[in-house]
Amino acid sequence: MDFRILKRKLEIGKRIDDFLDNVSESGLLFKLGVDSYLKGNVESFEKKLEDITHTENQGDSLRRSLEEQLYMQTLIPESRGDVLELLENMDTLLDRFKGAMWRFEIEYPTIPAEMHNDFKELVACVVEAVEAMVRSARAFFKDIAAVADHMHKVSYWEKQSDKISTRLQRNIFRQNELQLSHKLQLRDFVIHVDQIADQAEDVADKLSIYVIKRSL
Amino acid sequence: MFAFFISSGLFLGWSLGANDASNVFGTAVGSKMIQFRTAAVWCSIFVILGAVISGAGASHTLGKLGSVNAIAGAFIVAFAAAASVYLMTKARYPVSTSQAIVGAIIGWNLFTGSPTDYNSLTKIVTTWVVCPILSAVIAIAIYKVVVFFISKFKLGIFSQDILTRYGLLLVGAFGSYSLGANNIANVMGVFVPVSPFSDISFYGWFKLSSAQQLFFIGAVAIAIGVFTYSKRVMATVGEGIFKLSPVAAFVVVSAHSVVLFLFASQGLQNLLIQLGLPPIPLVPVSSSQAVVGAVVGIGLLKGGRGIRWRTLGGIASSWAVSPVIAAILSFISLFFLQNVFEQEVFRPTKYGLTPKAIERIETAKIFLHGLEHLFDKEFANAGRFDKVLSNQKMLTDQDRNFKMASTEIDKLEINAHRIDAIDNQLIAEKFILPLREIEGQVFNHHWQIEGALAERSVYWRQKENDKDYNAHLRRRIDYLCKVFRAEEN
């Protein structure tokens, strides 16, 4: 063993940070993208879509190289399985943001103006949930005692987005002027976005187990 | 011939290397924190250093328990110990070379009729009980400190990983050093009194005593055991028996190393004596038991639910079984070697109340009443004389030991021919001059030559508060006894 391992360790810590930046960034891009969409600013929306696709690609390749490095260099042998799973789950969140954006691009749903605020609020809550999850993951790598401080916020934002999603769905189906097909399409969109927060909560649940496993 | 007889000691050393190195580096290698090759190299280097530099302390206690005085006897003692370690390992009991060797020495004592020094035996057995308990306490303390350190400095997952790796390597090195220092006595201790080596001086820079040379050879055998066989054991220890996190592994190895060091360090003992504190006896302890103690300590700290008390009971009962097996094996093998292969398994030491011995004992104001009928009578071995002494009431251990030492007969003839044969490398001219003055004399006891020389030269007098000097003096006397021992003995 020599001091190269020290350098490797610094390197891998920085790359994990970069990867988590990507996840967090994709949330922000999603939020801006939906805003642009609701404003009807197609050009800005397409730009955000392009950006989020790029971020997702970057995240994917970072994750792959991180996984390789963890195994090739036998770093944190006792926790690398957990770390790997965590990285993969975080990557899924990133994918979901990108997926939702593409869905807007493909279907171009017409969202009634009176629902715009609720939609924006839902997106904001979902992004907050993922942000809290990113902070929890960062704490897992840097200061394990602080994980709990961030993790409870994930559940909070998930509950908030659940409430908004229920409200939105109720409103959608109470709109008499909309056709059933339109209602169903809008409901799918709401569920799709809300599921991102659910997923973030699932990741948080798993993270709490990893924390227990590492507890001294 | 010596090379053949020492082979059983080397076998014991090899099995110690194969088994006990895994206590030091097993968890680190098993959990993939340290590569096997790195661990093996560090372990070997530090075992050798520990054995050569600090090996003398614990081997002295073993020597007191029973001084195996013939090479074939030493061969059997080490062989019986190694064989019982092997048998117990096969039966899947965690064993300790320390216990096996103590049992084997007692077997030799029983066979040859030498008395067992109960004082040393009590010291050793008490230590075996204390060692795992102490290890548990130390492990709890270190664990608390480590947890505090990690939470206080908010160590990240990767920083903790890297620190644990270096920590494991460092305590592993310390553990190997302590293992060498403490357990080399098990491997080579019985050969020390019969060693054919003499001290080597490297251009006056430093000296290697004959015991240290033996320890070096034994430590190399341990190192070979580490390289050739410990990999498998390490993998089992790391993954199978104790599923410890790397940080917990660090704590366990630290506690183990501290305990082994405590029971091997002469420096620490001197320090405690200087401070007026009770000294720690220097006794070979079992590294497996130290590890088990530390693991149980951590288990208790976490509420004690994870501890398998049944397994622990099995381990504890093996403590009682292994010395008994070794003693029986040693006794039977000695019988065969002596009667079937006609080898001298012990040099009979006679005892007798010679006029000189009586004079010495009376001068020391020790009571001889009731032994008058034994004056001028010789006893074939220590056991018989010891039996006679034990009929005397009110005899303290100290007085008894003094009587035994005073009455041991070893005929020494100081003649010019033998004085010339003394190796000047070992004994300097200033020490030889007074020998010339007593040329032609014949002594019956070791202490007589000691006294005669001390009378004639300051160099042969013991110095107060200089343990090292006195130990050297002791070795010189032992060497002289070997040189001047009369043929008829």
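Below, read A as the first sequence line, B as the second, and so on, with proteins coming before strands; counting in each chain starts at 1.
The minimum heavy-atom distance between A/Ile76 and B/Ile157, with the atom names listed, is CG2-O, 3.8 Å.
Atom CZ of B/Phe216 is surrounded by 12 or fewer heavy atoms from other residues, nucleotides or ligands within 6.0 Å. The environment of B/Phe148 atom CZ is sparse: at most 12 non-hydrogen atoms of other residues, nucleotides or ligands sit within 6.0 angstrom. Atom NE2 of A/His54 has 12 or fewer neighbouring heavy atoms from other residues, nucleotides or ligands inside a 6.0 Å radius.
Considering OG of B/Ser245 and CZ of A/Arg214, their distance stands at 8.0 Å, rounded to 0.5 Å.
Interface remark: A/Arg138 contributes no atoms to any contact with chain B (heavy atom separation under 4.5 Å).
Heavy-atom pairs under 4.5 Å with chain B peak, among A/Val83, A/Asp143, A/Ile16, A/Ile144, at A/Asp143.
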